[in-house]
Amino acid sequence: MSAAGCCVRQMACCCGAAACALCCTCCPKIKQSTSTRIMYAFFFIGVTIVCAVMMSTSVAKLMEEHIPFYGDICEHLQAGENCEKLVGYSAVYRVCFGMACFFFILFILTINIKNSRGCRAFIHNGFWFIKFLLLIGMCAGAFFIPDQDTFLFAWRHIGAGFGFFFLIIQLMLLVEFAHKWNKNWTAGAQHNKLWNGALAIVILVLYTIALGALGLLIWLYTHPEHCLLNKILLGVNGGLCALLAIVSILPCVLKNHPQSGLLQSGVISCYVMYLTFSSFSNKPPEYILDEAGKNITVCVPSFTNGISQDERWVSVVGAVILLGCIIYSCLTSTTRSSCDALMGRYGPPEEEVARCCFCCGDGQDEQEERVEAKGGQMVAYDEEIKTVYSYAGFHFIFFLGTFYMMMTITNWFQ
């Protein structure tokens with residue numbers, strides 16, 4: 001097809017209801033349901049990068065040093081001295097307010113959509129350029145909210161509440177991910193015993209990481225005579241992880257939940273160790289007097305300056321876990337098969353095809369697909385009979401993820 005036709009196709013993607021596709025004809029066929037989720041993930045990741053840049057003091061300093069008339073520009077934009085309103089945690093709160101509003105509006109608009117032929121489904125699957133402008137407009141408009149102190153005080157507490165709720169959703173996603181992993185590889189072991197070996201290696205690696213993390217936390221965040229709270233938390237969390245491993249292989253549990261196993265408990269144990277590390281890193285340090293009568297810091301690693309380095313690691317690890325959950329959500333988490341898995345309903349193991357990248361198979365019922373190739377990548381319209389995933393649930397996960405991302409980047413109130 002001519003270049004003009006290809007351009008028209010891309011304009012339809014950006015400003016109309018057509019599905020998003022690439023110009024390159026060598027790209028493999030993509031489903032409309034997949035391309036839509038990938039586009040929303042790009043929106044989320046893009047705003048996350050902007051927020052990370054806003055929190056960087058070095059970026060603000062470089063802007064001040066290299067942009068001519070920087071002070072005059074800040075004054076003209078009414079952004080405060082040295083554009084203080086455009087950087088730091090307050091700017092991150094405002095940008096995330098705009099993105100949260102964006103996904104919440106889409107959540108309301110997409111409730112109870114059955115297929116992709118309705119006008120509300122067109123809004124969800126198309127008009128990307130218009131939605132991009134809307135997202136930018138909402139994020140920019142948040143900077144004009146009056147009474148900054150009241151807004152920031154209220155918004156950070158709202159963010160903490162919804163961020164905690166996302167932690168629960170994140171835990172459910174991890175459990176569902178581990179269930180799907182265990183089911184897929186166990187089904188493969190019925191035909192090839194090598195899958196049992198692969199499963200055993202993964203379980204061994206997970207528990208090695210969890211035990212190593214527990215030992216490292218004991219070494220870094222406890223003291224022989226102090227840090228009682230840290231010792232209690234490590235003992236309780238370590239004990240609960242051990243109990244979880246034992247319960248997951250009890251005969252009565254396996255009888256009622258055949259998909260249970262050590263893989264799920266291993267994944268959760270690693271996640272619990274990360275949350276323990278996160279709580280320790282955000283906990284104020286304790287001070288004691290040494291033999292010379294000087295104040296020394298305990299319950300934090302001795303090789304770091306205070307806890308700033310730990311907070312940086314918490315932000316990085318938290319961002320990686322968050323983006324992993326978002327990408328997983330993008331691919332499978334809101335599909336109907338995944339929703340069934342979260343409720344404990346699984347398909348027969350014989351229906352599974354074992355694969356290393358098991359996330360790529362949603363396992364949904366196949367339905368007739370209308371395929372179009374207008375000037376580039378082929379797009380399969382796979383939701384004209386019924387939707388593959390919950391549109392509203394997808395946007396709600398991104399809505400909650402915005403709050404968790406905001407609190408993670410700003411180190412939870414700090």
Problem - Pair N230-T222, side-chain donor/acceptor within less than 3.5 Å - result: no
Problem - Distance flag, aromatic centroids of F177 and W181, threshold under 6.0 Å - result: yes
Handout entry: Ring centroid separation F97 to Y93 under 6.0 Å
Key = no
Handout entry: Contact summary for I249 and L254, nearest pair of heavy atoms
Key = O-CD1, 3.7 Å
Exercise for the section: Check the side chains of S265 and Y207 for a donor-acceptor pair under 3.5 angstrom, ignoring hydrogens and angles. Expected result: yes
Exercise for the section: Any chance you could measure L204, atom CG, to L199, atom CG, to the nearest 0.5 Å? Expected result: 11.5 Å
Practice task
Provide the closest heavy-atom pair for A178 versus V267 in the form atom of the first, atom of the second, distance.
Solution key: CB-CG2, 4.1 Å
Exercise for the section: Flag the pair H395 / F399 as yes when their ring centroid distance falls below 6.0 Å, and as no otherwise. Expected result: no
Practice task
Mark yes or no for whether R156, through its side chain, and F151, through its backbone, hold a donor-acceptor pair below 3.5 Å.
Solution key: no
Handout entry: Centroid-centroid distance, F164 to Y404, less than 6.0 Å
Key = no
Exercise for the section: Output yes when a side-chain donor or acceptor of K131 lies under 3.5 Å from a complementary backbone atom of H124, and no otherwise. Expected result: yes
Handout entry: Donor + acceptor pair across side chains of N112, K114 (<3.5 Å)
Key = yes
Completion exercise
Rounded to the nearest 0.5 angstrom, the CD1-CG distance for I268 and L240 is 12.5 Å
Exercise for the section: Measure from the ring center of W128 to the ring center of F42 and say whether it is less than 6.0 Å. Expected result: no
Exercise for the section: Look at the rings of F44 and F398 and say which category their plane angle falls in: under 30° parallel, 30 to 60° tilted, over 60° perpendicular. Expected result: perpendicular
Problem - Least distance between heavy atoms, V92 atom then C51 atom - result: CG2-O, 3.6 Å
Problem - Whether H157 side chain and F153 backbone form a donor-acceptor pair below 3.5 Å - result: yes
Completion exercise
Nearest heavy-atom approach of G88 to M55 is C-SD, 3.5 Å
Exercise for the section: Please test I111 against Y391 for side-chain contact (heavy atoms from CB on, under 4.5 Å), starting from the C-alpha separation and ending with a verdict. Expected result: CA-CA 7 Å; I111 292 176; Y391 290 179; over 6 Å; no
Exercise for the section: Taking all non-hydrogen atoms of both residues into account, name the closest pair between A213 and M273 and its distance. Expected result: CB-CB, 3.9 Å
Exercise for the section: Would you confirm whether K231, through its side chain, and I218, through its main-chain N or O, come within 3.5 Å as a donor-acceptor pair? Expected result: no
Handout entry: Residue of the set F166, W155, F396 for which ring pair (Phe, Tyr, Trp, His ring centres under 6.0 Å) holds with F403
Key = W155
Practice task
Answer yes or no: does atom CZ of F43 have more than 12 heavy-atom neighbours from other residues, nucleotides or ligands under 6.0 Å?
Solution key: yes
Problem - Donor-acceptor pair, side chain of N125 and main chain of A121, under 3.5 angstrom - result: yes
Problem - Charged tip of R37 within 45° of Y389 ring normal and under 6.0 Å - result: yes
Problem - Ring geometry between Y40 and F102 (parallel below 30°, tilted from 30 to 60°, perpendicular above 60°) - result: tilted
Exercise for the section: Search all heavy atoms of A142 against all heavy atoms of R94 and return the closest pair with its distance. Expected result: O-NH1, 2.8 Å
